[in-house]
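Some notes on the structure that comes next.
Within every chain, numbering begins at 1; the chains are lettered A, B, ... in the order of the sequence lines, protein sequences first and strands thereafter.
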There are 6 protein chains.
Amino acid sequence: MRPSGRALDALRAVSLEPGYAKHAEGSCLVKFGDTHVLCTATVEDKPPPFLRNTGLGWATAEYGMLPRATHSRMRREAKNGQSGRTQEIQRLIGRSLRIVVDRPALGERQIVVDCDVLQADGGTRTASITGGYVALYQAAKSVFDSKTVSHLPIDGSVAAISVGVYKGKPVLDLDYDEDSDAETDANFVIKGDGRLVEVQASAEGAAFSEAQLLEMLALAKKGCAELAELQQAAIESLG
Amino acid sequence: MRPSGRALDALRAVSLEPGYAKHAEGSCLVKFGDTHVLCTATVEDKPPPFLRNTGLGWATAEYGMLPRATHSRMRREAKNGQSGRTQEIQRLIGRSLRIVVDRPALGERQIVVDCDVLQADGGTRTASITGGYVALYQAAKSVFDSKTVSHLPIDGSVAAISVGVYKGKPVLDLDYDEDSDAETDANFVIKGDGRLVEVQASAEGAAFSEAQLLEMLALAKKGCAELAELQQAAIESLG
Amino acid sequence: MRPSGRALDALRAVSLEPGYAKHAEGSCLVKFGDTHVLCTATVEDKPPPFLRNTGLGWATAEYGMLPRATHSRMRREAKNGQSGRTQEIQRLIGRSLRIVVDRPALGERQIVVDCDVLQADGGTRTASITGGYVALYQAAKSVFDSKTVSHLPIDGSVAAISVGVYKGKPVLDLDYDEDSDAETDANFVIKGDGRLVEVQASAEGAAFSEAQLLEMLALAKKGCAELAELQQAAIESLG
Amino acid sequence: MRPSGRALDALRAVSLEPGYAKHAEGSCLVKFGDTHVLCTATVEDKPPPFLRNTGLGWATAEYGMLPRATHSRMRREAKNGQSGRTQEIQRLIGRSLRIVVDRPALGERQIVVDCDVLQADGGTRTASITGGYVALYQAAKSVFDSKTVSHLPIDGSVAAISVGVYKGKPVLDLDYDEDSDAETDANFVIKGDGRLVEVQASAEGAAFSEAQLLEMLALAKKGCAELAELQQAAIESLG
Amino acid sequence: MRPSGRALDALRAVSLEPGYAKHAEGSCLVKFGDTHVLCTATVEDKPPPFLRNTGLGWATAEYGMLPRATHSRMRREAKNGQSGRTQEIQRLIGRSLRIVVDRPALGERQIVVDCDVLQADGGTRTASITGGYVALYQAAKSVFDSKTVSHLPIDGSVAAISVGVYKGKPVLDLDYDEDSDAETDANFVIKGDGRLVEVQASAEGAAFSEAQLLEMLALAKKGCAELAELQQAAIESLG
Amino acid sequence: MRPSGRALDALRAVSLEPGYAKHAEGSCLVKFGDTHVLCTATVEDKPPPFLRNTGLGWATAEYGMLPRATHSRMRREAKNGQSGRTQEIQRLIGRSLRIVVDRPALGERQIVVDCDVLQADGGTRTASITGGYVALYQAAKSVFDSKTVSHLPIDGSVAAISVGVYKGKPVLDLDYDEDSDAETDANFVIKGDGRLVEVQASAEGAAFSEAQLLEMLALAKKGCAELAELQQAAIESLG
């Protein structure tokens with residue numbers, strides 16, 4: 001029934017390549033099928049202004065697309081002047097990654113995770129969170145390895161997946177073709193222990209029922225559990 | 001237990017004053033306790049560019065705050081250069097109101113709903129959706145009354161309410177003091193028939209459980225049902 | 001002869017409601033007929049950069065309009081990117097209010113007066129100055145009441161009114177219909193003691209004579225004297 | 001008593017050099033003492049959008065300063081993002097010049113007068129209006145000479161001068177040193193026939209009296225009459 | 001003598017991967033050592049405004065860097081607000097590629113070549129021109145293959161290389177370490193037939209002699225000849 | 001053969017008027033025929049941020065055009081939002097002037113050279129560099145005369161000239177008519193001792209040969225030698 005022939009609860013082929021970028025403290029090239037996102041994590045030795053003299057660290061994210069990552073060419077966006085959609089996505093990525101940062105352990109540092117979409121085919125924000133976690137982990141480990149903090153400033157893992165109601169049925173990890181036709185579109189951000197970080201469900205044409213919300217949640221939990229295992233393997237491969 | 005002394009499932013005092021503004025096709029001054037939002041609806045006789053020659057109408061929203069609506073003064077924002085938070089809020093308002101617009105019936109027109117916060121005390125986006133619906137309805141009725149459309153281009157009603165986990169317990173309609181301390185923060189947009197339009201739940205400090213999500217949903221359904229009745233009364237008062 | 005039926009030297013119904021806003025140090029909702037402006041005054045504990053280490057205080061103003069305060073919807077304006085008209089108005093408001101501030105007594109503080117037009121029907125700048133004075137007074141009094149200054153840092157009162165040549169005759173306090181047709185348009189800012197602060201007279205279509213300038217000045221002095229009494233009553237009502 | 005040794009009612013040395021620029025349809029290098037402004041007038045063959053299909057023409061002005069026209073270097077300003085002061089000045093220049101344009105005779109054309117200050121020593125806006133009139137006249141004459149309009153689309157002349165209260169006495173045509181110390185600062189725009197176009201008087205420190213306003217007006221009329229003669233001579237020199 | 005151990009006249013390892021991007025009409029991932037640039041070419045079916053109704057086509061370029069392509073993180077740049085350096089680079093790329101476009105054959109179309117630096121190690125502009133040519137060729141061929149033009153709208157090939165005076169000696173294809181220390185820095189853009197398109201040589205600290213200019217030119221001709229062969233092979237691999 | 005009747009190797013009439021501006025530390029009105037540029041040099045007592053605590057000085061340039069310096073009117077440009085062309089020109093001027101600044105001798109100061117084109121007829125960037133050097137010299141001398149540096153912080157002189165291939169022949173110092181038709185366009189910046197500072201040659205329509213590059217270089221050396229003599233005379237006239 002799905003254009004790709006996938007089962008209703010099947011992820012696309014997912015790959016995570018940590019350490020992809022030469023200069024960054026952490027990085028991961030993440031692929032959810034034809035959606036490719038390069039995530040890099042930069043450690044800055046001072047926190048954002050509102051955290052000065054608090055002893056707490058911070059993590060934030062920026063999201064961008066290469067102009068021809070999509071079917072038709074899009075304009076470049078700077079930090080000021082990003083579209084509402086872009087800002088909404090990067091705020092979601094930032095909040096989601098922050099939940100696993102041990103901010104007192106990190107101390108007055110900031111980790112900036114850049115998620116740049118090289119190629120888009122649906123699910124760029126969920127791929128960004130999932131790959132961004134791996135880049136964040138590597139960067140946090142570099143802080144720990146520099147022996148300037150007492151323990152690794154990461155607390156658990158976090159992944160994200162999209163779910164939608166497509167032709168009346170809940171399906172996992174929508175690609176672009178499905179996303180364009182979905183009646184309801186949802187993104188779930190879930191920790192490695194199964195607890196929820198973000199739930200965002202939107203009716204696209206018609207409203208949806210409580211039962212549909214619960215079916216989508218069940219699919220998302222399955223998908224994020226699989227992603228958590230792939231994240232763990234990627235991190236272990238860093239040695 | 002709540003700073004205001006309200007029951008866990010109690011709304012603040014809510015009032016809806018339709019027809020507040022002299023020049024606008026629709027308007028409503030909405031108050032959720034000390035949160036006051038002036039909603040005005042403007043009918044434009046041409047649709048946004050992407051709908052030309054489709055026969056379909058559109059509704060959109062802009063959200064703003066007077067500089068001193070809040071405890072400390074904030075800078076003014078123009079249409080370009082709004083903060084990510086502002087854009088996220090007005091996109092949510094716009095999507096939520098669009099769900100009740102009968103776009104073929106409206107034809108190639110656009111209704112712009114401006115939600116300007118005169119005073120803020122938590123819940124400005126949910127007050128905006130709830131009052132914005134009344135302004136939208138009045139504007140749609142003015143189109144219908146001008147006898148240029150075949151039937152009233154509104155399909156059902158929509159309201160919104162915030163719910164949060166505060167000191168470990170789900171509470172309805174958070175004011176500013178509660179909102180600042182909530183562990184989880186959620187907004188629900190629900191139609192008059194009880195179906196869901198938007199679910200947005202975010203962990204603020206720690207992740208939350210599926211059970212907590214369901215408790216929040218139950219509270220929101222109760223609150224939105226009460227708001228739907230107040231909306232109906234306000235609309236009827238317009239004659 | 002006037003569309004409203006008013007006498008040539010009659011003000012519209014004027015009301016001043018001090019203390020309208022919950023969060024601001026000073027506030028006043030001012031109405032000149034159907035022109036409604038919400039003025040709020042914010043006390044900032046540091047002066048603008050050019051006054052550091054001078055011991056002097058400052059007052060400034062910002063002026064804005066809600067998008068649908070007018071017959072047709074207007075775009076929102078941020079602090080940067082305001083139209084020339086908006087900047088001219090807020091510079092006039094700021095200069096006019098500054099004349100009554102005892103800057104050495106205020107010390108290195110700044111009072112920012114925001115004048116936001118909720119509904120426009122001509123004379124928004126004169127209403128803003130007149131109501132802005134009341135908000136400024138209340139804010140200055142809050143500084144005095146905090147016992148950090150030696151005396152109330154306000155020196156006299158200030159009000160403003162428009163005058164125009166309409167169908168060949170000078171008339172006081174033009175509403176929108178009159179303003180659109182006036183041959184000459186003038187704004188006078190006058191202290192409570194009758195001395196002049198600002199005179200701005202512009203020929204709209206044809207030049208005007210010295211005699212007409214003097215007739216307009218006489219009307220303005222009468223109008224501002226009436227406004228000064230209303231301001232005094234509003235201030236006394238604050239207790 | 002004046003730093004320059006001038007009499008209270010004496011202008012600085014004024015020169016008007018029409019035809020200074022090679023490419024422009026009209027131009028004039030105007031000097032009021034050490035204040036030097038290059039005025040150029042450009043004829044555009046279409047009117048601003050709001051005048052399409054009205055048969056009426058328009059004149060407008062832009063004002064700028066070279067970065068080092070002043071004692072300390074200033075930043076460059078583009079058309080968008082000009083300071084409030086710059087916008088106020090160019091709106092005044094535009095309104096003042098428009099009063100002498102015969103807009104039906106000009107037809108659907110626009111004349112843009114650029115006033116660029118090469119060197120500033122007080123009175124740049126009054127020099128701009130006075131020299132701008134000469135550039136405007138030359139440009140209007142070029143339209144007339146092209147035989148596309150029935151008569152010269154200029155109706156009378158216009159000039160401007162500053163007056164101030166300096167050390168308690170009204171003085172004419174303030175230079176920078178006087179302007180910095182003046183208690184009241186006024187600009188008058190007056191037609192060649194003596195009628196008033198703009199009166200702008202501002203108290204700088206203390207309010208001023210009606211008598212002072214009248215004394216300033218008398219000085220301005222004398223100064224503008226002298227400028228009108230110089231303008232006439234400059235125009236005649238064009239042949 | 002060179003940090004990399006290369007001979008004075010040796011290029012870095014160069015690779016060109018055409019067809020790298022799924023959505024674009026043309027693409028090439030180009031690597032000059034650790035400098036990696038993703039070039040995509042987009043065919044737009046209308047020309048820029050200044051070419052309407054001329055029958056001529058156009059090619060242009062945009063240049064960008066991922067925020068962490070460099071040693072330290074840089075801010076994102078939008079189309080408006082790019083730094084002077086970025087604009088200078090993309091203007092050079094655009095001019096250089098345009099020289100091989102047969103603009104009458106292309107007709108009223110525009111090809112936009114985006115060059116996005118994934119990783120930077122010196123020479124990003126020369127890699128962009130060299131890889132951009134391959135992407136441009138593939139896009140032009142897609143226009144030809146669509147049978148809407150009479151012949152392939154490409155006339156010859158173009159490549160670019162940097163040369164510098166490093167520790168007193170001219171060296172070919174500087175990497176970042178050499179570039180930072182070079183006394184003179186030059187970029188040459190050369191056609192496949194050996195003729196010159198652009199010469200840009202800048203003294204970094206001291207001026208240079210005519211003899212040094214000629215030595216640099218000789219190295220550049222050798223390097224570009226090698227690049228032209230690699231480009232030819234890449235194009236042939238497309239089939 | 002040239003529209004102006006000049007010999008192939010002849011400069012236009014060149015004049016340099018140092019000390020033209022009243023307020024600036026250095027200034028020069030430079031004319032290359034009908035191209036007129038006002039160059040002013042401002043001494044700032046602190047260096048740009050990246051040079052703090054290095055003991056080194058800096059020189060930089062800004063380039064602008066009056067709106068009607070050209071055949072058709074152009075928009076004003078601010079420091080942010082300059083076109084790519086403007087930025088490229090002012091970066092070239094800045095680099096070229098910096099080469100003659102003795103940065104350790106200047107100490108932590110910055111000299112800003114503004115080059116404002118009053119009238120344009122081709123070659124504005126080369127006139128700017130040539131006149132900018134005279135303004136820079138005068139400003140540097142004012143620093144030396146203030147006895148705060150040990151020796152004059154200028155090391156040699158620098159001038160610039162354009163050369164092009166016009167109707168197949170290399171010609172010196174192109175005016176606007178020639179520039180519009182040139183097949184190749186080059187700018188050379190050359191020190192007083194004959195060594196090269198910048199070489200920028202661009203094919204406009206067809207590529208050019210190495211022989212043509214050398215012919216252009218020879219012409220440029222002749223032209224810059226003549227300019228160097230005029231610069232020397234201008235500087236000596238300052239006393």
Side-chain angles (χ1 to χ4, degrees), chain A residues 60-63 78-96 98-101 103 155-158 165 184-214 216-218 220-221 224, chain B residues 60-63 78-96 98-101 103 155-158 165 184-214 216-218 220-221 224:
Chain A
T60 189
E62 286 191 19
Y63 170 90
K79 178 76 176 121
N80 296 316
Q82 291 169 313
S83 71
R85 180 184 175 277
T86 296
Q87 292 197 49
E88 213 168 300
I89 292 173
Q90 73 191 9
R91 283 160 56 86
L92 172 66
I93 300 170
R95 279 200 311 275
S96 298
R98 218 142 47 223
I99 215 87
V100 297
V101 174
R103 293 174 53 208
D155 176 18
S157 73
V158 67
V165 178
T184 297
D185 191 14
N187 291 289
F188 292 84
V189 183
I190 303 182
K191 289 199 68 173
D193 64 10
R195 281 183 303 150
L196 304 172
V197 175
E198 289 272 340
V199 176
Q200 295 197 337
S202 293
E204 291 294 325
F208 56 97
S209 67
E210 186 172 337
Q212 284 174 317
L213 179 65
L214 294 178
M216 292 192 288
L217 174 56
K221 289 171 82 168
C224 285
Chain B
T60 188
E62 286 191 20
Y63 171 90
K79 178 76 176 123
N80 296 317
Q82 291 168 314
S83 71
R85 180 183 174 277
T86 296
Q87 291 197 50
E88 211 168 303
I89 292 172
Q90 73 191 9
R91 283 161 56 89
L92 172 67
I93 299 170
R95 280 200 310 275
S96 299
R98 220 143 44 223
I99 216 88
V100 297
V101 174
R103 292 174 53 207
D155 177 18
S157 73
V158 66
V165 178
T184 297
D185 190 15
N187 290 289
F188 292 83
V189 183
I190 302 183
K191 289 198 68 172
D193 64 10
R195 281 184 304 152
L196 303 172
V197 175
E198 290 271 341
V199 176
Q200 296 196 336
S202 294
E204 290 293 327
F208 56 95
S209 67
E210 187 172 337
Q212 284 174 316
L213 179 65
L214 294 178
M216 292 192 288
L217 174 56
K221 290 172 81 169
C224 284

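- With sequence neighbours excluded, the residues that form a side-chain hydrogen bond (donor to acceptor under 3.5 Å, both in side chains) with B/E210 are A/K221.
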Please list, one pair per line, the donor and acceptor atoms closer than 3.5 Å that link side chains of residues 186-196 of chain A to other protein atoms, with sequence neighbours excluded.
| from | atom 1 | to | atom 2 | distance (Å) |
| --- | --- | --- | --- | --- |
| A/K191 | NZ | A/D155 | O | 3.4 |
| A/D193 | OD1 | A/R195 | N | 3.0 |
| A/D193 | OD2 | A/R195 | NE | 3.3 |
| A/D193 | OD2 | A/R195 | NH2 | 3.2 |

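- Only the backbone of B/S209 comes within contact range of chain A, judged by heavy atoms closer than 4.5 Å.
- Note that CD1 of A/I99 and CD of B/E204 are 8.0 Å apart. Values are rounded to the nearest 0.5 Å.
- Listed by chain and number, the residues in a side-chain hydrogen bond (donor to acceptor under 3.5 Å, both in side chains) with B/T86 are B/E77, B/S83 (sequence neighbours excluded).
- Contacts between residues 89-96 of chain B and chain A, counted as heavy-atom pairs separated by less than 4.5 Å, involve B/R91, B/R95.
- Listed here is the closest heavy atom pair of A/F208 and B/V199: CZ-CG2, 4.1 Å.
- Chain B forms more heavy-atom pairs under 4.5 Å with one residue of A/E88, A/R98, A/E198, A/Q200 than with any other, namely A/E88.
- Closest non-hydrogen pair, A/Q87 versus B/Q82, comes out as NE2-O, 3.8 Å.
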